[in-house]
Amino acid sequence: MPHRSPLTDYYIVLDAEDLPATERHWYLGVLRDAAPSRVVPVPSTATAIDRTLRRLPAGRWWPDLPDLLAGIDRVAPDVVDRSQATTDARLLRS
C-alpha cells in the first residue's frame, strides 16, 4: 500500500522571514526538522518560484503524523534554524 500522509509533498514557503513567529516555527522548525528537503523557503518572485519548482530535491518522506507531533509540546516555538533558511535563499538565487 502506498504511503499516505496528511502533509503535501513539498511546502514552498514564500518570504519566510515575514511570516508570523508561529508559522515560521511550524514550517522552518517542526516540519523542516522532520523532512528538510521538503520545506523550501523562497522569495516571492516569479523567477525564484519557477527556479525552485524546477529544482525540488528528493529527500526522505514525512514521518507518520503521530511521530511528527510526538514531543511537540516540548519544542520551543521561537527556535528556528535561520542559518539554513538563509543558506537556502542564497542557493536559490544562484
Side chains of [X] and [Y]: closer than 4.5 Å at any heavy-atom pair?
X: Leu68; Y: Leu65; result: yes
X: Trp61; Y: Asp9; result: yes
X: Leu19; Y: Val13; result: yes
X: Arg38; Y: Tyr11; result: no
X: Asp15; Y: Val42; result: no

* Drop me the distance from Tyr27's OH to Ile12's CD1, to the nearest 0.5 angstrom. =>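 The OH atom of Tyr27 sits 12.0 Å away from the CD1 atom of Ile12.
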* Working to the nearest 0.5 Å, report the span between CD1 of Ile72 and CH2 of Trp26. =>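 Interatomic distance, Ile72 CD1 to Trp26 CH2, rounded to 0.5 Å: 5.5 Å.
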* Val39 and Leu28: CA distance, side-chain angles, deciding distance, side-chain contact (heavy atoms from CB on, under 4.5 Å) verdict -> CA-CA 7 Å; Val39 179; Leu28 300 182; 4.1 Å; yes
[X] versus [Y], closest heavy-atom pair with distance:
X: Ala16; Y: Arg24; result: O-CD, 3.5 Å
X: Arg60; Y: Pro36; result: NH2-CD, 3.3 Å
X: Ala58; Y: Ser37; result: O-OG, 3.5 Å

